[in-house]
2 protein chains.
Amino acid sequence: MPRSLSGACCAHHTMTKGLSALSHPVRVEILKHLSGYDACCCKDVVRHLHLAQSTVSQHLKVLVEAGLVHVRPERQSSRYEVDTEALAGLTEALARLTQTCIDASKSRTSSHGAEANDQ
Amino acid sequence: MPRSLSGACCAHHTMTKGLSALSHPVRVEILKHLSGYDACCCKDVVRHLHLAQSTVSQHLKVLVEAGLVHVRPERQSSRYEVDTEALAGLTEALARLTQTCIDASKSRTSSHGAEANDQ
DNA sequence: ACCTTTCATCGTATATCGCCGATGAACGAT
DNA sequence: ATCGTTCATCGGCGATATACGATGAAAGGT
């Protein structure tokens, strides 16, 4: 599922969506909390953070929609769980982007690297 | 305020700021373009994308403020350059978070698979 | 001098985010 | 049936993000 089939545009969109989900400190904290304690429910996260239950529910929704968290919608207390594969895939996507930029920079400075010399 | 994380708070904020900067497809595209072509100026990016010059300038500003891009403010044509070390650092921070979550998940499933963590 | 190019910034309009309280639904217990 | 608990969703409010055009400043060419 974390696989993007064709163009890089789709992959970009998937990556930016995931990064957007992790671009808020509260959601990063939620992710760590979910990974630390199994069988996490919304109320559990609410108790750990100091936010309203509706706010936490929305943050969880963002993480779920980004594919980084699985939810088992049990009526009494929904179980939230980190999708470690999706998280690893997102990390790998960012690592690929980083490596692309590094390679491009290195190829410029090693092969010709003419136009960036003066200062 | 749960100050459970004293030292990691700053690191979290840095990471989320960087991820926030990369959470927009246009900025990812800008980053790739900057790494590919040296001596990139704003107008160059404008020509590559189909956005107004002011919009591109703002996106560049976001990348600069996140520390992912260096700018040499030459008046005629400011030079933008990817800070590959900062980008690598951000990637590493995300990789650490991912590893933390994976380790926590593995320790739960291997040692004690207790799921009923109800209060 | 004048004009062009390039860029940053301002102002504005729209959309989304982040937070909250309130509400209703689903389930267990009494 | 009546509570109590848990959770998702709605509506609202303020703040931020995204996009644009317009403007001004700096440097170079005429």
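Throughout, a chain's letter reflects where its sequence line sits, starting with A, and its residues are numbered from 1. The shown structure was predicted, so the numbers you read here are calculated from the model rather than taken from an experiment.
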Cationic N near anionic O, under 4.0 Å, B:Asp44 to B:Arg47: yes
Taking only the side-chain nitrogens and oxygens of A:Thr55, find out if one of them lies under 4.0 Å from OP1 or OP2 of C:dC20. yes
Base D:dA17 to side chain B:Gln58, donor-acceptor N/O within 3.5 Å cut-off: no
Could you go through A:Arg72 and A:Glu81, starting from their C-alpha distance and side-chain angles, then the distance that decides it, and tell me whether this counts as side-chain contact (heavy atoms from CB on, under 4.5 Å)? CA-CA 8 Å; A:Arg72 203 113 42 197; A:Glu81 202 172 0; 3.2 Å; yes
Which nucleotide in the list C:dC19, D:dT18, C:dT5 gets nearest to the side chain of B:His24? D:dT18
Quickly work out the B:Arg27 CZ to D:dA19 C1' distance and round it to whole Å. 12 Å
Integer-rounded Å distance: C:dT16 P and A:Lys17 NZ: 14 Å
Does a donor on one side chain sit under 3.5 Å from an acceptor on the other, for A:Thr84 and B:Ser105? no
In whole Å, I'd like the distance from the NZ atom of B:Lys61 to the P atom of D:dA17. 11 Å
Mapping A:Leu51 and B:Tyr80 to their closest nucleotides on DNA chain C, which lands nearer the 5' end? B:Tyr80
Rounded to whole Å, how long is the line connecting atom CG of A:Leu63 with atom C1' of C:dG18? 14 Å
Pick base, sugar-phosphate or nothing for A:Ser78, based on heavy-atom distances below 4.0 Å to the nucleic acid. sugar-phosphate
Is it the case that the side chains of B:Thr16 and A:Ser23 hold a donor-acceptor pair, with the cut-off being a distance below 3.5 Å and no angle test? no
Considering every strand and a 4.0 Å limit on heavy-atom distances, what is the contact class for B:Ser57: base, sugar-phosphate, or nothing? base
Side chains of A:Val26 and A:Val56, heavy atoms from C-beta outward: is any pair under 4.5 Å? no
So, is A:His59 near the phosphate of C:dC17, with a side-chain N or O under 4.0 Å from OP1 or OP2? no
Separation of D:dA19 C1' from B:Leu49 CG (nearest whole Å): 13 Å
A:Val26 side-chain proximity, nearest of D:dT6, C:dC7, C:dC19: C:dC19
Between D:dC7, D:dC20, D:dG28, which nucleotide has the shortest distance from any of its atoms to the side chain of B:Ala52? D:dC20
Calculate the interatomic distance between A:Gln53 atom CD and C:dC20 atom P; express it in whole Å. 11 Å
Separation of atom CG in B:Leu60 from atom P in C:dT9, rounded to whole Å: 12 Å
Separation of D:dT16 P from B:Glu65 CD (nearest whole Å): 13 Å
Where the side chain of A:Ser54 is defined as all heavy atoms beyond and including C-beta, which of C:dG18, D:dG28, D:dT9 is the nearest nucleotide? D:dT9
